[in-house]
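Reading through the structure tokens given below for one structure.
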Protein chains: 2
Amino acid sequence: MTEQLSKRARRMVDAGYKVTKARMTVLRVFEESGGHITSKEVLERVAAIDENIGRASIFRTLDLFTRLAIIRPTYIETSMTPSYVLLPDGHHHHIICTNCDQVIEFDNCDLSDLAHQLEAEYGIELTGHLLEFYGICKTCAV
Amino acid sequence: MTEQLSKRARRMVDAGYKVTKARMTVLRVFEESGGHITSKEVLERVAAIDENIGRASIFRTLDLFTRLAIIRPTYIETSMTPSYVLLPDGHHHHIICTNCDQVIEFDNCDLSDLAHQLEAEYGIELTGHLLEFYGICKTCAV
DNA sequence: CCACAAATGATACAAAGTATCAGTTGCGGG
DNA sequence: CCCGCAACTGATACTTTGTATCATTTGTGG
């Protein structure tokens with residue numbers, strides 16, 4: 001099988017994990033969905049593609065991807081299912097309307113100064129970050 | 001009853017909600033815990049104080065406090081129960097070691113410039129934000 | 001192509017969160 | 001001070017989300 005692997009799939013292989021149908025399907029669901037997606041939605045979409053893929057494997061894969069920093073769970077609504085975000089390559093920030101849950105994306109964050117300062121202060125090596133702003137969007141403000 | 005209400009309790013009253021034993025107990029648990037706390041821990045600690053307080057009321061209160069921006073659900077570990085953070089007054093940020101899950105807190109973020117810029121650009125009114133850095137801590141880097 | 005560890009799907013289970021509803025309680029008005 | 005009512009509660013039963021287990025299958029290095 002000489003199929004071309006996406007960068008993310010490669011990251012998984014490099015970390016010593018096997019390329020399986022379950023994992024590729026979950027990855028595909030994320031890449032096609034583009035944005036935020038709850039575990040429930042992942043379950044549904046994976047089932048739509050291949051209903052033989054087990055529930056447990058999907059959760060295992062979500063866990064794996066989280067550990068590999070391929071996705072990151074985040075919170076948008078209240079106390080409920082997490083929403084997973086595909087981490088593109090370092091940057092991915094949101095402005096979330098707390099009224100209608102619309103998500104606006106932006107990437108011109110300017111955190112490198114702060115990041116360096118924190119690295120120095122705490123002796124830590126930073127590899128990524130998540131920045132979310134909450135507010136009321138134009139439409140809801142009316 | 002002329003008991004002094006905390007600022008947060010007052011915010012609740014001002015929004016038209018009643019001061020009840022269940023709510024005050026949950027608030028007290030948060031204020032005494034100081035930091036991150038999962039719903040499970042809230043359940044346990046509330047039960048330790050007053051075991052007559054019902055499960056459902058606690059979840060209702062978590063929901064209410066989230067809507068009132070008294071607390072904010074956040075994600076620290078992998079795909080699991082959210083961890084609630086008492087919002088002190090606007091700021092509360094984390095550096096999370098992706099290896100050992102240690103959490104370092106800091107609050108000298110300097111996002112007001114960026115926030116203003118985004119407000120202008122997207123015509124949105126921002127009310128809060130969440131900033132998390134991920135990396136490898138000193139201890140794990142060895 | 002073989003062998004074996006890694007991963008899977010099925011099943012059954014545990015935990016987290018929610019709907020419902022009759023009973024209780026905080027609180028504003030008299 | 002107490003009355004009345006809407007808001008809130010606790011109990012129960014339920015749905016949903018996530019996990020442990022285990023026999024079977026599959027990817028991959030040799």
Side-chain angles (χ1 to χ4, degrees), chain A residues 1-3 5 9-10 12-29 36-68 70-71 73-84, chain B residues 1-3 5 9-10 12-29 37-68 71 73-84:
Chain A
M1 210 206 278
T2 20
E3 198 191 326
L5 288 179
R10 182 143 301 285
M12 198 179 75
V13 172
D14 291 348
Y17 294 95
K18 293 185 178 174
V19 174
T20 69
K21 198 164 49 144
R23 288 172 180 166
M24 286 307 103
T25 307
V26 173
L27 184 55
R28 179 179 148 198
V29 162
H36 311 257
I37 185 172
T38 62
S39 56
K40 192 182 162 193
E41 285 170 319
V42 173
L43 250 5
E44 284 164 1
R45 296 193 192 195
V46 167
I49 294 172
D50 185 342
E51 64 176 16
N52 293 324
I53 292 174
R55 181 186 174 60
S57 291
I58 295 174
F59 280 108
R60 279 188 288 242
T61 302
L62 288 178
D63 234 57
L64 176 66
F65 284 4
T66 302
R67 285 202 310 279
L68 292 175
I70 289 173
I71 59 175
T74 201
Y75 250 120
I76 289 185
E77 313 211 2
T78 58
S79 44
M80 274 290 291
T81 309
S83 180
Y84 293 89
Chain B
M1 209 203 283
T2 23
E3 200 192 325
L5 287 178
R10 183 141 299 286
M12 199 178 76
V13 172
D14 291 348
Y17 294 96
K18 293 186 179 173
V19 173
T20 69
K21 198 165 51 143
R23 288 172 181 165
M24 285 307 101
T25 308
V26 172
L27 183 55
R28 178 179 148 197
V29 163
I37 184 170
T38 63
S39 56
K40 192 181 162 195
E41 285 171 318
V42 174
L43 251 7
E44 285 166 1
R45 294 192 196 197
V46 168
I49 294 173
D50 184 344
E51 64 176 14
N52 292 322
I53 293 175
R55 186 185 170 61
S57 291
I58 296 175
F59 280 109
R60 280 188 288 241
T61 302
L62 288 177
D63 236 55
L64 175 66
F65 284 4
T66 302
R67 286 203 311 281
L68 291 175
I71 59 173
T74 200
Y75 251 118
I76 288 186
E77 312 214 2
T78 58
S79 44
M80 274 290 290
T81 307
S83 181
Y84 293 89

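Lettering follows sequence order; numbering is per chain, from 1. For the numbers below, each heavy atom of this structure counts, side chains included, while hydrogens, waters and symmetry mates do not.
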Practice prompt. Whole angstrom is fine here: how far is it from CG in A/D14 over to P in D/dT28?
Written response: 12 Å
Item to complete: Look up atom CE in A/M12 and atom CD1 in A/I70, then write down how far apart they are to the nearest 0.5 Å.
Response: 7.0 Å
Discussion item. With rounding to the nearest 0.5 angstrom, report the CD1 to CE distance, A/I53 to A/M24.
Written reply: 11.0 Å
Discussion item. What is the distance, to the nearest angstrom, from the CE atom on B/M24 to the C1' atom on C/dT25?
Written reply: 14 Å
Worksheet item: Are the side chains of B/I58 and B/R55 in touch, meaning some heavy atoms are under 4.5 Å apart?
Response: no
Fill in: Value in whole Å for how far the P atom of C/dT18 lies from NZ of A/K40
12 Å
Item to complete: Quickly work out the A/L43 CG to D/dT15 P distance and round it to whole Å.
Response: 18 Å
Worksheet, complete the sentence: One should read off an interatomic distance between B/I49 CD1 and B/R28 CZ, to the nearest 0.5 angstrom, of 4.0 Å
Worksheet item: What is the distance from CG of A/L64 to C1' of D/dG27, rounded to the nearest Å?
Response: 15 Å
Worksheet item: Between A/R60 and A/S57, does any side-chain donor sit less than 3.5 Å from a side-chain acceptor?
Response: yes
Worksheet, complete the sentence: The contact string for nucleotides 8-13 of chain D, one letter per nucleotide 5' to 3', using protein heavy atoms under 4.0 Å with B, S and - for base, sugar-phosphate only and none, comes out as SBBB--
Worksheet item: Should we count CZ of B/R45 as having more than 12 external heavy atoms under 6.0 Å?
Response: yes
